[in-house]
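The structure under discussion appears below in the form of structure tokens.
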2 protein chains.
Amino acid sequence: MTTTVLLVDDHPVVRSGLRAVLESDSVHVVGEAATGEEAVALAAHLHPDVVLCDLRLGAGIDGVQTTAALRALEPAPAVLILTTFDRDAEILGAIEAGAAGYLLKDVAPDVIIEGILRAAGGDMFLAPDLADRVLKGMRNPLPKLTEREVEVLRLLATGASNKEMARALFVTEATVKSHIAHIFTKLSVDSRSRAIHVAQETGLI
Amino acid sequence: MTTTVLLVDDHPVVRSGLRAVLESDSVHVVGEAATGEEAVALAAHLHPDVVLCDLRLGAGIDGVQTTAALRALEPAPAVLILTTFDRDAEILGAIEAGAAGYLLKDVAPDVIIEGILRAAGGDMFLAPDLADRVLKGMRNPLPKLTEREVEVLRLLATGASNKEMARALFVTEATVKSHIAHIFTKLSVDSRSRAIHVAQETGLI
DNA sequence: CATTGCATCATCCGTTTGGGTGAGACTTTT
DNA sequence: AAAAGTCTCACCCAAACGGATGATGCAATG
């Protein structure tokens, strides 16, 4: 029995590649979507066994949000995340959103097929080089930042001074300092540069 | 007459996609390479009209170096850069290394084909949304940093303090401050965070 | 309704950073 | 040989930052 798959990627070339590589006795590609919104609409209609989804989708909702929306469908397809990057925060986000697995784009085609079949069977499937990191991430999850803190962190990452952030956010410098102090504590750092670094490394921003 | 093309990308899926998308009356894919080294070796042997090359090639030499090596062949193939990112420094690097053009991966297949044909004909071909930026980059080229300065900048971007950099580089803090002062001047910034930001934005690091 | 969490602001204080200036040693270029 | 560029270092000073502590208002949670 063949497993039906919906492809979600904003690059036409990648979709064609996946189609070419996946189509076989055991896997049948029933549709393609370029955005998360399109993916959800198509999945609701086509009922694929598995949705193979990029985490980075140019415009619109991102891969994590798409995963969550797909998993809320009835019946819910298994969602397999396929992407170029291995950012901890996003792996965890996708898994938490109900993804069955996570593969890097540079793996061999047969690994992807294997992942699809296992995802269709209800298995979890993680690229070996990532399993470790995911587990580590689960052991020391990054403390969650509040919306405001993320906002400050983003400004911080653009190189803004406290004064500039205060102006941009319509608050006093004291408030900005307060937010930054909290951010530093949560990220276990003691300088803006290091905060930027860990924020980027963990995919927090 | 058909134009012969060599594909260079570290992702098998992308290569398959490109092959599926490009193969036509006017374009014939004569080979695929996963690394820059492999690309040069194959190109020397297959003499393709055009090499379609990703800038980011997991292991080994990068796209810019590959471009330079390919252009040094006799006869030299036209090199068309195809990538996901639009980092100014790399665009310029590839153009300087002799690339005929630069396309983003999310463009439509027929745009890629058009780019290949024009590259084969000796034209320059830039994705429209990039041409502006390239020209801007040429008008305000980033002042070149010395090796030492780049080294300091990299450390800076990891969040290191002056003291830590001094230790890491076996110099005094005064020296580190001196380098940083020069970096700031060259990048026209006045804080470490902003230096990190422009360095990343311009692909300097 | 009490508690908790968030965002806001303040003051004090020590440390780090950034800016200016100058200078010696070594290499490459002219 | 002179000039230019790089890397190294030092000193001074003002501004920005980071840490500690505490307080207010407000919404959500229990």
Side-chain angles (χ1 to χ4, degrees), chain A residues 68 89 92-93 96 140-202 204-205, chain B residues 89 92-93 96 140-205:
Chain A
L92 290 178
E96 279 168 14
N140 329 1
L142 276 183
K144 282 195 179 103
L145 299 187
T146 67
E147 275 186 39
R148 198 56 158 171
E149 284 161 359
V150 173
E151 208 169 343
V152 169
L153 187 51
R154 281 185 205 285
L155 283 172
L156 191 54
T158 70
S161 68
N162 291 345
K163 194 170 297 192
E164 289 169 328
M165 287 189 264
R167 270 201 292 274
L169 300 174
F170 302 104
V171 298
T172 64
E173 279 187 64
T175 303
V176 172
K177 287 186 63 174
S178 170
H179 287 309
I180 291 184
H182 291 147
I183 293 170
F184 284 8
T185 304
K186 290 185 180 178
L187 300 187
S188 312
V189 299
D190 58 355
S191 79
R192 350 190 107 212
S193 314
R194 215 179 281 280
I196 295 173
H197 187 236
V198 326
Q200 290 177 341
E201 208 175 36
T202 59
L204 206 53
I205 58 172
Chain B
L92 290 178
E96 278 167 18
N140 317 13
L142 277 182
K144 284 196 178 101
L145 299 188
T146 67
E147 275 187 39
R148 201 54 160 171
E149 285 161 356
V150 172
E151 208 170 345
V152 169
L153 188 51
R154 281 185 205 284
L155 284 172
L156 191 56
T158 69
S161 68
N162 292 345
K163 196 171 298 192
E164 289 169 329
M165 287 189 264
R167 270 200 293 273
L169 300 175
F170 303 103
V171 298
T172 63
E173 279 187 64
T175 302
V176 172
K177 287 186 62 174
S178 170
H179 286 309
I180 291 184
H182 291 147
I183 293 170
F184 283 8
T185 304
K186 290 185 180 177
L187 300 187
S188 312
V189 298
D190 58 355
S191 79
R192 349 190 109 210
S193 313
R194 217 179 280 280
I196 295 173
H197 187 235
V198 326
Q200 291 177 341
E201 210 175 35
T202 59
L204 206 53
I205 57 171

Could you check which of D:dC9, D:dC17, D:dT8 has an atom nearest any side-chain atom of B:R148? D:dT8

Looking at D:dA16, I'd like to know if its phosphate oxygens (OP1 or OP2) sit under 4.0 Å from a side-chain N or O belonging to A:N162. no

Quick check for you: among D:dA10, D:dG18, C:dG19, whose closest atom lies nearest to any side-chain atom of B:T172? D:dA10

Which nucleotide, C:dA7, D:dT8, C:dC12, lies nearest any side-chain atom of A:T146? C:dA7

At what distance, to the nearest 0.5 angstrom, does CD1 of B:I196 lie from CG of A:L156? 9.0 Å

How long is the line joining CD of B:E173 and C1' of D:dT8, in whole Å? 15 Å

Starting at atom NZ of B:K177, determine the distance to atom P of D:dT6, rounded to an integer number of angstrom. 21 Å

Closest nucleotide of DNA chain D for B:H179 versus for B:S191: which of these residues is on the 5' side? B:H179

Is the backbone N or O of A:E173 less than 3.5 Å from a side-chain atom of A:K163, with the two atoms forming a donor-acceptor pair by type? no

Pair A:S178-A:T175, side-chain donor/acceptor within less than 3.5 Å: no

Side-chain contact check for A:K163: nearest option of D:dG18, C:dG19, D:dA16 is D:dA16

Looking only at heavy atoms, the pair that brings B:A195 and B:F184 closest together is CB-CE1, 3.7 Å

Side-chain contact test, heavy atoms from C-beta onward, threshold under 4.5 Å: evaluate it for B:R192 versus A:R192 and give yes or no. no

Using whole Å, what does the distance between atom P of nucleotide D:dC7 and atom CG of B:L153 come to? 13 Å

From CG of B:L169 over to C1' of D:dC9, roughly how many Å is that when rounded to an integer? 14 Å

Short side-chain N/O contact to C:dT16 OP1/OP2 from B:S161, under 4.0 Å: no

Atom-pair distance (CE on A:M165; C1' on C:dT8), nearest Å: 16 Å

Which listed nucleotide (D:dC9, C:dC9, D:dC12) is nearest to the side chain of B:A174? D:dC9

Heavy atoms from C-beta onward define the side chain here; which of C:dC9, C:dG18, D:dT8 lies closest to that of B:V171? D:dT8

Rounded to whole Å, the CD-C1' distance (A:E147 to C:dG5) equals 14 Å

Nucleotide D:dG5, atom P - distance to CD of B:E149 in whole Å: 13 Å

What's the closest nucleotide to the side chain of A:F184 if the choices are D:dG19, C:dG18, C:dA10? D:dG19

Take the protein atom CG of B:D190 and the nucleotide atom C1' of C:dT16, then report the distance between them rounded to whole Å. 15 Å

Hey, does A:S178 reach any base, or is it just sugar-phosphate, or nothing, if we go heavy atoms under 4.0 Å? base

So does B:T175 get a side-chain nitrogen or oxygen closer than 4.0 Å to the phosphate oxygens (OP1/OP2) of D:dC9? yes

